[in-house]
Number of protein chains: 2
Amino acid sequence: MGGELPREEHDGHGTYDKYAHEPFAVTVDLAVLTLRGGTLHVLLVERGQEPYAGRWALPGGFLLPDESAEDAARRELAEETGLADVSGLRLEQLRTYSEPGRDPRMRVVSVAFTALLPDAPEAHGGGDAAQARWVPYDEARELAFDHDRILADARTRIGDRLENTCAATAFCPPEFTLGELQQVYEAVWGTPLDRPNFRRKVLAAPGFVAPVPGGARLTGGRGKPAALYRAGPAATLHPPLLRPQREGRTT
Amino acid sequence: MGGELPREEHDGHGTYDKYAHEPFAVTVDLAVLTLRGGTLHVLLVERGQEPYAGRWALPGGFLLPDESAEDAARRELAEETGLADVSGLRLEQLRTYSEPGRDPRMRVVSVAFTALLPDAPEAHGGGDAAQARWVPYDEARELAFDHDRILADARTRIGDRLENTCAATAFCPPEFTLGELQQVYEAVWGTPLDRPNFRRKVLAAPGFVAPVPGGARLTGGRGKPAALYRAGPAATLHPPLLRPQREGRTT
DNA sequence: CCTTTTATAGTCGACCTGACTATTAAAAGG
DNA sequence: CCTTTTAATAGTCAGGTCGACTATAAAAGG
């Protein structure tokens, strides 16, 4: 922005006037992911109107005049999930999608976000009439607009973030076992991991997880009770937790 | 986007009408980086108009009605640098900035991009009247709008990309020495690296660089002539080339 | 009690890393 | 022409990390 302004002045239009008749609608789209029963799920809403009536889509909506995209995303997330604690949630900007024609009605530029939730509240009809549902990632296909692509980008991004950041704990409840944390990695990456090695690396990364004081353990499960951990203070992972067998891809 | 549509219909406004009177201007901003004499430089333009008249800013401009943000960024890059080969350039979306009030005149949502260039053509007055200049990164302060932050975000992002991708070769001419490649890392990270170790890691990463056929070497320099390399086919770096002495930061 | 299940501890060789030394091949300067 | 300087490249070595694997502990189910 900014660099163009002289040209606007030269052609005799006020800045606002020139672009007011070619407005862009700005929206946010949310890829809200969670883990249910060991598999990745995404929050989808069913569209009631054309275009794409009856199709599933990522939740989202228009920016209000006085809010940032982050604010709008948080507001929409609260509206669509019915969650109360949205304020403490980690929202990350994914990418902006601006191809002309991605919405058949008008020019829409959309800022996409990702959000990670611990296993989420079952019922959410969304504040807006639209029906909302958790759908297994693999069944979320043929979404409205370019949401297939956004969702795929979100998964790729999350997978990368798990390598270098402590984002995985966002999928877990406040207290969790290392087994649960490993399930996060396995679900997002789609690869089984060796348990002792995973444990060693997680505990070796300073600030990733911290044991719950008192040596609390999760009982009631099948085998030996697991120690409970909380998310640590670190945001980034050193050394990184790299996925196995990735060789140099040309893409 | 999309999820909100029912509400629009309910309140009796057509979609387009409702938002036409609250339009958002959409722009692109470019953080174009290059290496000159071993230090990082950024392309800036001088503003001629208020607000921020006389201040330096990142190049950029408004989206035209029928182009994507990527198209607009590429067009602006060509206009402002006068480069001919913009088609082969790697443009990467950085982030979108949408805080209300970031432009005092109107509501502007800006999609920021990064671009990396080999040591660039000296003269570029930009297609638009504005003056354009390469400025050392450390001297690019107090830019217009929120461009200080965008530039800082860009440097952080590029630094991270150097660890995991082959992006560093984008700073180099088609044929380069490992010494030049090391200078890229040192300039972006702001850390000196051990030459033999750097060399070992770069050559160990499959597809990062490929020797120029015929064993061509760069003569005319000070010491022993260096072998020439080209960018290899890989896009990602395995194993990654991590910066030294980073400990778990809480931020 | 014995099997199953899951968590946790430990082992081992291959490989990678950082720090460092040594050698080579050019240019620069008398 | 020979010495010095500079930079590229080769090689070394101890410590750390990795993946693969084995062993033990502690619960539930029959």
Side-chain angles (χ1 to χ4, degrees), chain A residues 37-38 162-164 172 175-187 189 191-206 208-212 214-230 237-248, chain B residues 37-38 162-164 172 175-187 189 191-206 208-212 214-230 237-248:
Chain A
L162 290 198
E163 291 191 326
N164 302 301
C172 297
E175 302 190 346
F176 53 87
T177 68
L178 295 188
E180 292 173 303
L181 190 63
Q182 183 175 344
Q183 278 199 334
V184 171
Y185 278 87
E186 292 177 334
W189 286 350
T191 320
L193 300 175
D194 178 84
R195 191 155 20 200
N197 291 341
F198 178 80
R199 169 189 199 76
R200 185 189 7 173
K201 290 202 222 176
V202 168
L203 295 179
F208 189 11
V209 299
V212 168
R217 296 184 157 261
L218 182 68
T219 184
R222 265 302 174 102
K224 177 175 175 176
L228 288 173
Y229 293 85
R230 287 199 244 264
L237 226 43
H238 298 283
L241 226 158
L242 302 178
R243 350 143 107 93
Q245 74 255 19
R246 290 199 315 170
E247 295 310 313
Chain B
L162 289 197
E163 291 191 325
N164 302 302
C172 298
E175 302 190 346
F176 54 87
T177 69
L178 295 187
E180 292 174 304
L181 189 64
Q182 183 175 345
Q183 277 199 335
V184 171
Y185 279 87
E186 291 177 334
W189 287 349
T191 320
L193 301 174
D194 179 84
R195 191 154 23 201
N197 290 342
F198 178 81
R199 170 190 199 75
R200 185 190 7 176
K201 290 202 220 175
V202 167
L203 296 179
F208 189 10
V209 299
V212 167
R217 293 180 161 263
L218 182 66
T219 185
R222 265 300 174 104
K224 175 173 175 176
L228 288 171
Y229 293 84
R230 286 199 244 267
L237 225 44
H238 298 284
L241 226 160
L242 302 178
R243 346 143 111 94
Q245 74 255 21
R246 290 199 314 169
E247 295 311 311

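Each chain gets a letter, A, B and so on, in the order the sequences are listed, and its residues count up from 1.
Summarising the geometry, atom CG belonging to B:Leu178 is positioned 9.0 Å from atom CZ belonging to B:Phe208; distances are rounded to the nearest 0.5 Å.
Nearest heavy-atom pair across A:Tyr185 and A:Leu193 is CB-CD1, 3.7 Å.
As the counterpart of C:dT4, D:dA27 is assigned, both hydrogen-bonding distances of the Watson-Crick or G-U wobble pattern falling under 3.5 Å.
For D:dT5, neither phosphate oxygen OP1 nor OP2 lies less than 4.0 angstrom from any side-chain nitrogen or oxygen of B:Arg222. Side-chain N/O atoms of B:Lys224 include none lying less than 4.0 angstrom from OP1 or OP2 on C:dA27.
As a whole-Å value, the separation of A:Glu163 CD from D:dC18 C1' is 15 Å. In this structure, A:Arg199 atom CZ and D:dA23 atom P are separated by 19 Å, rounded to whole Å. Distance, A:Leu242 CG to C:dT17 C1': 14 Å, rounded to whole Å.
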Any chance you could list the contact pattern along nucleotides 10-15 of chain C? Use B for base contacts, S for sugar-phosphate-only contacts and - for none, protein heavy atoms under 4.0 Å, 5' to 3'.
-> B-----
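Of the candidate nucleotides C:dG18, C:dA25, D:dA10, C:dA25 has the atom nearest to the side chain of B:Pro225.
The side-chain heavy atoms of B:Glu180 and B:Tyr229, taken from C-beta on, include no pair separated by under 4.5 Å.
Residue-level contact check: A:Ala204 touches neither bases nor backbone, having no heavy atom under 4.0 Å from any strand.
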